[in-house]
Amino acid sequence: MNLTVTKSRITKSNITIPGDKSIAHRALILCTLANGESIIRNIPDSKDINATLNCLKQLGVKLKRDKHNSIRIKPSPFKRPSAPLNTQNSGTAMRLLAGLVATQPFMSVLTGGWQLNKRPMARIIKPLRLMDALIMGKNKDTQAPLIIKGGMLKGKSHKMLIPSAQVKSALLIAGLKAKGITQIKESLPTRNHTENLLKAMGADIKISGLNIKLNPVNKLKPLDITLPGDISSAAYFIAAAILIPGAKIVIHNLGLNPRRIGFIEILRKMGAKIKISCLNQTYFEQIGTLEASYSGTLHATKIDGIILPSLIDEVPLLSVVATQAEGITTIRKAGELRFKESDRISAVVTELKHLKADIKELPDGLLIKGKSPLEGAVCSSHHDHRIAMSLAVAGLTAKGKTIIRNAECISKSFPTFGKQLKKITTKV
């Protein structure tokens, strides 16, 4: 499927964003360990979340989804899956489920699509083995499929040399059923949705700075939660609003977790007009209203270090914004981008060059010179949803027509993206 985008203006200001995918994965898995029925509302209807749901069903979890995208979860004893648990191309699903099945008294196989089965898995295999899990992977235990023989684990201390919320979450899920204390020390702050949910569900968890200490529990409290809008999905419309003359968007009920809004902080640093209001907290998550409007002159910035984990998914999109900012934007220490659904550093450079951007690939990042008038072209998504949606935003500001090939990958996280984009824009 191709997605075609032309230079446009934004005609509608109020936008609805699907529920947060990161929180959804975690809530679904943790609710299988609750003492009673849970309900999760505003579940996103994406391929990633459906992969998690299908795997949980294979494990014997009773799920009921209604037409309003609410899911009721009734915990029941897990059963050995009769076939491999296929997490499609969801790295979050595979890594979190690895932590779950490692505690169960049966063998499981975790596999995924061709993209996921090429991504690094030693980072989850090694710490689970430290907890006495029996786990093997392809290519000398570096890739999926993963074969896991579950059982009683031992709580251990883990030092996270590579920042990863997925690995951290997997270890916490495993630690809930381990014997003894599980401790995690992060090198940089990563998204903390798992910790927030565990606190809301009554887990014995203590957090001090980048240090986490978790005691095992028999059962967690059930949840009754409405997921906020996903900031990573909202980011594309926020970027479009600040780049398109006369544009303004308002997004209500948006997740604004401090560890997820590095993208907003960088845009403001570049001179973007973004207002946040109506902040409140539910289940330890910040939720509010965001207004973004055309920002005129943007200026370049430097991105690296401690802020990167809070905006790692948005680097391709920030690269698009940087093409329209005065000066040279540098993004460094972002080598982790080479191990996503695509090599996002290489993909961003290749495709933005097709649009006539002045951009250079660095070993661990990007160098973007603005302000570059973009020109429409035929581009590839590299089968990566973040690349596809970032190119769509670029196409809204480019002269002529931009065609993004293999755009069906967007359904991994945001199936309605194309429809929503069409609904709020009109050709110039």
Side-chain angles (χ1 to χ4, degrees), residues 18-79 81 85 87-88 90 92-104 106 108 110 150 153 165-166 168-178 182 191-205 212 214-230 255 257 281-285 287:
D20 192 292
K21 182 166 71 79
S22 287
I23 302 176
H25 281 296
R26 291 158 169 82
L28 287 167
I29 291 171
L30 289 174
C31 284
T32 67
L33 304 173
N35 183 25
E37 186 178 80
S38 295
I39 181 166
I40 307 171
R41 300 178 180 85
N42 198 28
I43 287 280
D45 186 19
S46 65
K47 283 189 174 181
D48 276 9
I49 295 303
N50 289 333
T52 291
L53 288 169
N54 289 334
C55 289
L56 292 177
K57 288 177 183 177
Q58 282 183 257
L59 289 166
V61 178
K62 296 178 181 178
L63 303 165
K64 186 175 181 181
R65 187 171 195 161
D66 66 23
K67 61 182 180 181
H68 303 295
N69 284 327
S70 294
I71 290 183
R72 292 184 180 274
I73 304 170
K74 189 173 182 179
S76 55
F78 293 110
K79 67 178 185 180
L85 300 171
T87 59
Q88 302 296 323
S90 173
T92 304
M94 177 169 284
R95 290 173 177 141
L96 270 61
L97 285 168
L100 180 69
V101 300
T103 67
Q104 301 304 311
F106 48 70
S108 304
L110 284 164
L153 304 184
Q166 293 177 0
K168 174 180 66 174
S169 298
L171 298 178
L172 290 172
I173 291 168
L176 287 168
K177 297 298 178 183
T182 297
R191 59 187 67 180
N192 60 350
H193 302 305
T194 302
E195 297 96 301
N196 289 342
L197 288 167
L198 285 172
K199 285 189 287 185
M201 298 175 80
D204 186 357
I205 183 169
I212 305 167
L214 176 73
N215 281 294
V217 294
N218 289 324
K219 289 289 184 180
L220 299 171
K221 296 176 184 177
L223 282 176
D224 185 338
I225 186 174
T226 299
L227 300 181
D230 194 321
N257 183 303
Q281 191 176 88
T282 180
Y283 287 99
F284 301 96
E285 291 287 343
I287 300 172

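The figures that follow rest on heavy atoms only: side chains count, while hydrogens, waters and symmetry mates do not.
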Of all the heavy-atom pairs spanning Ser22 and Asp230, show the shortest one and how long it is. N-OD2, 4.4 Å
Side-chain touch Asn54/Leu85, heavy atoms, less than 4.5 angstrom: no
Result of checking Lys21, Arg26, Gln166 against Thr92 for side chain to side chain donor-acceptor pair (under 3.5 Å): Gln166
Just so I know, are the side chains of Leu59 and Gln104 near enough to count as touching, which here means a heavy-atom distance under 4.5 Å? no
Less than 4.5 Å apart, side chain to side chain, heavy atoms only: is that true for Leu176 and Leu198? yes
Is there a side-chain contact (heavy atoms from CB on, under 4.5 Å) between Tyr283 and Leu227? Walk through the geometry before answering. CA-CA 10 Å; Tyr283 287 99; Leu227 300 181; over 6 Å; no
For Asn192 and Asn257, test the side chains for any donor-to-acceptor distance below 3.5 angstrom and give the result as yes or no. yes
Between atom CD1 of Ile23 and atom CG of Leu30, what is the distance when rounded to the nearest 0.5 Å? 12.0 Å
Return the OG to CG distance between Ser108 and Leu100, rounded to the nearest 0.5 Å. 8.5 Å
What heavy-atom pair brings Pro222 and Asn35 nearest, and what distance separates the two atoms? CD-O, 3.7 Å
Within the 4.5 Å heavy-atom criterion, are His68 and Arg41 side-chain neighbours or not? no
Of all heavy-atom pairs between Asn42 and Ser70, which one has the smallest distance, and what is that distance? N-OG, 4.5 Å
Are there more than 12 heavy atoms of other residues, nucleotides or ligands under 6.0 Å from atom NZ of Lys79? no
Of all heavy-atom pairs linking Leu172 and Leu214, the shortest is O-CD2, 3.3 Å
Side chains of Arg191 and Asn196: do they bring a donor and an acceptor to under 3.5 Å? no
Apply side-chain contact (heavy atoms from CB on, under 4.5 Å) to residues Asn50 and Gln88 and explain how you reach the verdict. CA-CA 9 Å; Asn50 289 333; Gln88 302 296 323; over 6 Å; no
So, taking the atom named NZ in Lys64 and the one named CD1 in Ile39, what distance separates them when rounded to the nearest 0.5 Å? 10.5 Å
Spatial distance of atom CG (Leu53) from atom CG (Asp48) [nearest 0.5 Å]: 11.0 Å
Rounded at 0.5 Å granularity, tell me how far OG1 in Thr182 sits from CG in Leu153. 8.5 Å
First locate atom CD1 of Ile71, then atom CD1 of Ile43, and finally report the distance between them rounded to the nearest 0.5 Å. 4.5 Å
Does Lys47 have more than 12 heavy atoms from other residues, nucleotides or ligands lying within 6.0 Å of its NZ? no
Could you tell me if the side chain of Phe284 sits less than 4.5 Å from the side chain of Leu197, heavy atoms only? no
Shortest non-hydrogen contact between Gly60 and Ser76, atoms and distance: O-OG, 2.9 Å
Can you find a side-chain donor-acceptor pair between Arg72 and Ser38 that sits under 3.5 Å? no
Here the pair of heavy atoms bringing Gly19 nearest to Pro44 is O-CG, 3.4 Å
Which is it for Val101 and Phe78 under the side-chain contact (heavy atoms from CB on, under 4.5 Å) test, yes or no, and what are the steps along the way? CA-CA 9 Å; Val101 300; Phe78 293 110; over 6 Å; no
Are Pro75 and Leu33 packed together at the side-chain level, in the sense that at least one heavy-atom pair is separated by less than 4.5 angstrom? no
Taking atom types as modelled, find out whether Thr52 and His25 have a side-chain donor-acceptor pair closer than 3.5 angstrom. yes
side-chain contact (heavy atoms from CB on, under 4.5 Å) between Lys199 and Ile205, worked out: CA-CA 7 Å; Lys199 285 189 287 185; Ile205 183 169; 3.7 Å; yes
If you count heavy atoms of other groups shown closer than 6.0 angstrom to NZ of Lys221, is the number above 12? no
